[in-house]
Amino acid sequence: MDEELHERMREAIRDVPPGQVSTYGDIAAMAGAPSPRMVGAMLAEDGHDLPWHRILRANGTPAPHIAHEQLARLRAEGVLADGQKVNLKKYRWQPEN
DNA sequence: ATCTTGACATGGA
DNA sequence: ATCCATGCCAAGA
């Protein structure tokens, strides 16, 4: 597969600051990934050393299998969730420039 | 080579 | 809110 893209996705995720979040789609767009699926696919095997908990789905909910852990980590950074949904309007990270 | 499964997104019913 | 269809594409089986 494309190592270039792989690395760009990792970078984009590393750039999301604590206390803020981003989405699979946003990361994919920033890294120039052909599909948001690639972001999840990458995290599944190579995401152990990344702030994967700052990545949410487009609607603000986390991926089901890790929801509990993810919300706990976010809560520890000050990102509060309404049930399973995080308020993206409020915490979504927009790279300025 | 074909099929299935996924840390997804979007739009329609 | 929920279900479905499509687009996307890497990995395995």
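All values below were derived from every heavy atom in this structure, side-chain atoms included, with hydrogens, water molecules and symmetry-related copies excluded. Predicted, not measured: the structure shown is a model, and the values here were computed from it. Just so it is clear: chains get the letters A, B, ... in the order the sequence lines come, proteins before strands, and each one is counted from 1.
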Participant: I'd like to check the side chain to side chain donor-acceptor pair (under 3.5 Å) partners of A:Gln20; sequence neighbours left out, ordered by chain and number.
Facilitator: none
Participant: For residues 23-30 of chain A, run the donor-acceptor check on the side chains, cut-off 3.5 Å, and write out each pair with its distance to 0.1 Å, sequence neighbours left out.
Facilitator:
unit_1, atom_1, unit_2, atom_2, d
A:Thr23, OG1, A:Gly25, N, 3.4
A:Thr23, OG1, A:Asp26, N, 3.0
A:Asp26, OD1, A:Arg92, NH2, 3.1
A:Asp26, OD2, A:Arg92, NE, 2.8
A:Asp26, OD2, A:Arg92, NH2, 3.0

Participant: Output the residues of residues 55-68 of chain A in contact with DNA chain B, where contact means a heavy atom of the residue under 4.0 Å from an atom of the strand; sort by number or write none.
Facilitator: A:Arg57, A:Ala58, A:Ala63, A:His65, A:Ile66
Participant: Among residues 13-25 of chain A, which contact DNA chain B at a heavy-atom distance under 4.0 Å?
Facilitator: A:Tyr24, A:Gly25
Participant: Just the atom pairs and distances: protein N or O near nucleotides 6-9 of chain C's N or O, under 3.5 Å.
Facilitator:
unit_1, atom_1, unit_2, atom_2, d
C:dC8, O2, A:Arg37, NE, 3.0

Participant: Excluding sequence neighbours, so at least two apart, what forms side-chain contact (heavy atoms from CB on, under 4.5 Å) with A:Ala67?
Facilitator: A:Pro62, A:Gln84
Participant: How many Å lie between NE2 on A:His6 and C1' on C:dA11, as a whole number?
Facilitator: 13 Å
Participant: For A:Arg10, give me all partners under side chain to side chain donor-acceptor pair (under 3.5 Å), at least two apart in sequence or on another chain.
Facilitator: A:Asp46, A:Asp49
Participant: Could you give the CD-to-P distance, from A:Glu3 to C:dA10, as a whole number of Å?
Facilitator: 12 Å
Participant: According to salt bridge (Lys or Arg N to Asp or Glu O under 4.0 Å), does anything in residues 78-87 of chain A pair up with another residue at least two apart or in another chain? List the pairs.
Facilitator: none
Participant: Could you tell me the separation between the CD atom of A:Gln70 and the NE2 atom of A:His53, rounded to the nearest 0.5 Å?
Facilitator: 8.0 Å
Participant: Enumerate the salt bridge (Lys or Arg N to Asp or Glu O under 4.0 Å) contacts for residues 56-77 of chain A, please, sequence neighbours excluded, ordered by first and then second residue.
Facilitator: A:Arg54-A:Glu77, A:Glu69-A:Arg73
